Amino acid sequence: QVQLVESGGGLVQAGGSLRLSCTASGRTFSRYAMHWFRQAPGKEREFVSAISRTGGNVYYRESVKGRFTIFRDNAKNTVYLQMNSVKPEDTAVYYCAADLTIRSDGTASGMDYWGKGTLVTVSS
């Protein structure tokens, strides 16, 4: 069993930066590919980014490329999402998710574990 806890959300002005963290319990973190999804009010959950078990492969949705960076520290059981040049349309609850298989296509269904999310609000 893996428990995921996100942190780092908050209120930030457009153009600013924020770093989200997702820390996993247990000793098996390095076995899992990690993902970030987000869900804006009234919208469906959407894929943001993914990183392979060793961090060698990363994927992003088009709208965040060049602004967001995903990375992980397996010694700390933590995956991060560095968000730069944020925009009001980045406002959402951000969730991390773990799966033994990396979902480079952004598929959310069947993910092994989910966190409860952290709210990011970008003001204009």
Side-chain angles (χ1 to χ4, degrees):
Q1 191 79 353
V2 175
Q3 291 185 328
L4 303 175
V5 179
E6 301 96 335
S7 62
L11 176 64
V12 60
Q13 286 189 331
S17 297
L18 208 60
R19 178 178 291 184
L20 305 184
S21 301
C22 172
T23 300
S25 63
R27 303 179 181 178
T28 60
F29 179 74
S30 61
R31 295 179 56 199
Y32 291 90
M34 298 299 297
H35 309 74
W36 287 98
F37 290 82
R38 67 186 182 187
Q39 187 167 17
K43 296 187 177 180
E44 293 187 353
R45 189 171 298 189
E46 64 182 19
F47 169 78
V48 176
S49 185
I51 188 168
S52 60
R53 290 175 290 178
T54 62
N57 294 296
V58 297
Y59 304 90
Y60 300 96
R61 71 178 296 105
E62 194 64 35
S63 62
V64 308
K65 284 182 180 178
R67 300 189 298 120
F68 291 10
T69 302
I70 188 171
F71 57 102
R72 64 190 295 165
D73 185 340
N74 286 345
K76 295 182 178 180
N77 281 11
T78 301
V79 61
Y80 304 92
L81 186 69
Q82 178 66 42
M83 306 168 60
N84 297 332
S85 302
V86 295
K87 303 176 181 180
E89 50 263 43
D90 295 322
T91 294
V93 177
Y94 283 72
Y95 300 88
C96 70
D99 198 85
L100 292 175
T101 304
I102 192 166
R103 309 291 187 86
S104 58
D105 63 354
T107 305
S109 62
M111 200 70 72
D112 289 336
Y113 301 102
W114 288 91
K116 294 184 178 181
T118 186
L119 176 63
V120 172
T121 304
V122 182
S123 63
S124 57

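Numbers here simply count residues along the sequence, with the first being 1. As the structure is a prediction and not an experimental result, all values here were calculated from the model.
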**Request:** Verify the cluster assignment for L100 and W114: are they in a single hydrophobic cluster under the rule of side-chain heavy atoms below 4.5 Å apart?
**Result:** no
For [Y], is there any backbone N or O sitting under 3.5 Å from a side-chain donor or acceptor partner on [X]?
X: E6; Y: G117; result: yes
X: R103; Y: S109; result: yes
X: S25; Y: Q3; result: yes
X: R45; Y: Q39; result: no
X: Y32; Y: A97; result: no
X: N57; Y: A50; result: no
X: S49; Y: Y60; result: no

**Message:** Taking the cut-offs as 6.0 angstrom to the six-membered ring centre and 45 degrees off its axis, would you call R72 and F29 a cation-pi pair?
**Reply:** yes
**Prompt:** Can you name the closest pair of heavy atoms from S17 and S85 and give their distance?
**Reply:** OG-N, 4.4 Å
**Request:** On the 0 to 90° scale, with breaks at 30° and 60°, tag the F37-F47 ring pair as parallel, tilted or perpendicular.
**Result:** perpendicular
**Prompt:** Mind checking what makes side chain to side chain donor-acceptor pair (under 3.5 Å) contact with E44, not counting sequence neighbours?
**Reply:** none
**Asked** Hey, mind stepping through D112 and V2 against side chain to side chain contact (heavy atoms under 4.5 Å, CB included) and telling me if it holds?
**Response** CA-CA 9 Å; D112 289 336; V2 175; over 6 Å; no
**Item:** Any side-chain heavy-atom pair of I102 and H35 under 4.5 Å
**Value:** yes
**Flag side-chain contact, heavy atom, 4.5 Å: M34 against L4** = yes
**Asked** After noting the C-alpha distance and the side-chain angles of N77 and T23, does the key distance pass the side-chain hydrogen bond (donor to acceptor under 3.5 Å, both in side chains) rule?
**Response** CA-CA 6 Å; N77 281 11; T23 300; over 6 Å; no
**Asked** How long is the span from the SG atom in C22 to the OH atom in Y94, to the nearest 0.5 Å?
**Response** 14.5 Å
**Distance in Å, Y59 OH paired with D105 CG, rounded so as to fall on 0.5 Å steps** = 10.0 Å
**Message:** Using the rule side-chain contact (heavy atoms from CB on, under 4.5 Å), only one of Q82, K76, M83 pairs with Y80; which is it?
**Reply:** K76
